[in-house]
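Input: a single structure, listed below in structure tokens.
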Amino acid sequence: MTAPYPVHATGVPVLALGETLLVSLQGELHDGMAEQLQQDISHRIADSGANGVIIDISGVEVVDSFLGRILAEIAASASLLAARTVVAGMRPAVAITLVELGLTLPGLTTALDVDRALELLTRRSTPSASDGREKGT
Amino acid sequence: MKVSEQEAVESTARRLGSFLKRRREQIAQRWADAPLFRTVFTVSREEAVEACKAVVDALSDVASSGRLEDITSSGFDSVRDQLGRMSGTRTRAGASPAQIADEVAALRAPVVDLLRAEFSDPSTPEAVEGLLALAALMGTLRLVVMQAALSSGEELIARQRQQLLEAATPVISLWEGVVAVPLIGTLDSARSQVVMESLLQCIVDQRARYAILDITGVPTVDSLVAQHLMKTVAAARLMGAECIVSGIRPAIAQTIVQLGIDLSSVLTRASLADALAYALSRLGIEVSPRASMR
């Protein structure tokens, strides 16, 4: 299935990497875009049967409580569709700001970069890898 | 009436200024033997005389400008550095501020002697006014020296504080993917901010999966420090690294419990070695003695 990227006029591209969906956020995310993105991801998971979603936020310089809530909602709805969500590539300055604001995003799995996130998702989905990070998250 | 009084003061000040200019050489020679200059310029007397001349010039400038009691007077600008260095040297030699002030005050006597010799009768109003003006000017010099001493001390403290911030928070790489910060001393907001920033940057640079915060060297943990620790742990988690706190002393553990701080969300280990062992086992690395060494 080699459909072209479903890029919406105001949307964010959702790429498929095997059984994983990759979303790369760049710059600011407006309310409409966020809503569109949530829908896109849910539909893509349902359509493709993906078991993991990676949200790369290395291009995001400002994370506020709005984006924090969006990330948490995406993760929650993905987990209802039996897919795990990993947020990758948060910058140190962003992490410090979030913690200072008291937004520690509990329940979200995080990774240093997309590479690590992919590693995390594939290792988890393989039944033989029993040693996970259950306690750490 | 008031205007003429003002004029009288100014003319006295100007006369004082021209007197200082005229007697520059003599004053400098006498000051060079005074304790303040003698103890600072130990290498050569020539140097001391030059320094004295600079100070006399500054005083004569200030006197000519008529503002005898103004410590911000532009005449002092040229010697402020020099005075600061001198008082710094005296402070390093163990002199207290009061001692330095006394030494500056001792500079007055030689000049007063010279000025008194100018007048045939020291009881004339002119002579008394001149001497009073000189006393005011020397008092101002004393203030300027003290101010220079204080500001150079403050600069030193600020520089040392910055050095402490930088030096006391090294992030070390213990293993591939494992970094550690051995914290030593009390944590305040500024330091914990530096710790957090350098740790997170190091996680990015080293692609670390595990970050160890070792607090063996932290004497006391209050709720503020605990909060800082938890913030650092949470920020590291957001970056995708797991944070381990090690080296909590028994007394500190008791304090934390008594303060009612909940550290249950934080992974802890008894010592840095235990934390490293935990990280290595999670990374799937096994360390065992070599067969030939057994």
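Per chain, numbering begins at 1; letters A, B, ... match sequence-line order.
Within the 3.5 Å criterion, the main-chain N or O of B/Arg207 finds a donor-acceptor partner in the side chain of A/Arg116. When atom types are taken as modelled, the side chain of B/Arg237 and the backbone of A/Thr104 share a donor-acceptor pair closer than 3.5 angstrom.
For the set A/Val87, A/Val86, A/Ile96, the count of heavy-atom pairs under 4.5 angstrom toward chain B peaks at A/Ile96.
Looking only at side-chain heavy atoms (C-beta outward), B/Met239 and A/Thr110 stay at 4.5 Å or farther from each other. Between B/Val204 and A/Arg91 the shortest side-chain heavy-atom distance does not fall below 4.5 Å.
Interface remark: B/Gln193 contributes side-chain atoms only to the contact with chain A (heavy atom separation under 4.5 Å). With a 4.5 Å cut-off on non-hydrogen atoms, A/Ile57 does not touch chain B at all. For B/Ala236, no part lies under 4.5 angstrom from a heavy atom of chain A. Proximity to chain A (any heavy atom under 4.5 Å) is shown, for B/Ile203, by both the backbone and the side chain.
Shown here is A/Glu73, whose CD atom has more than 12 heavy atoms of other residues, nucleotides or ligands within 6.0 Å. Residue A/Glu35 places its CD atom among 12 or fewer non-hydrogen atoms of other residues, nucleotides or ligands, all under 6.0 Å distant.
What you find for A/Ala95 and B/Ala235 is that their closest heavy atoms are CB-O, 3.8 Å.
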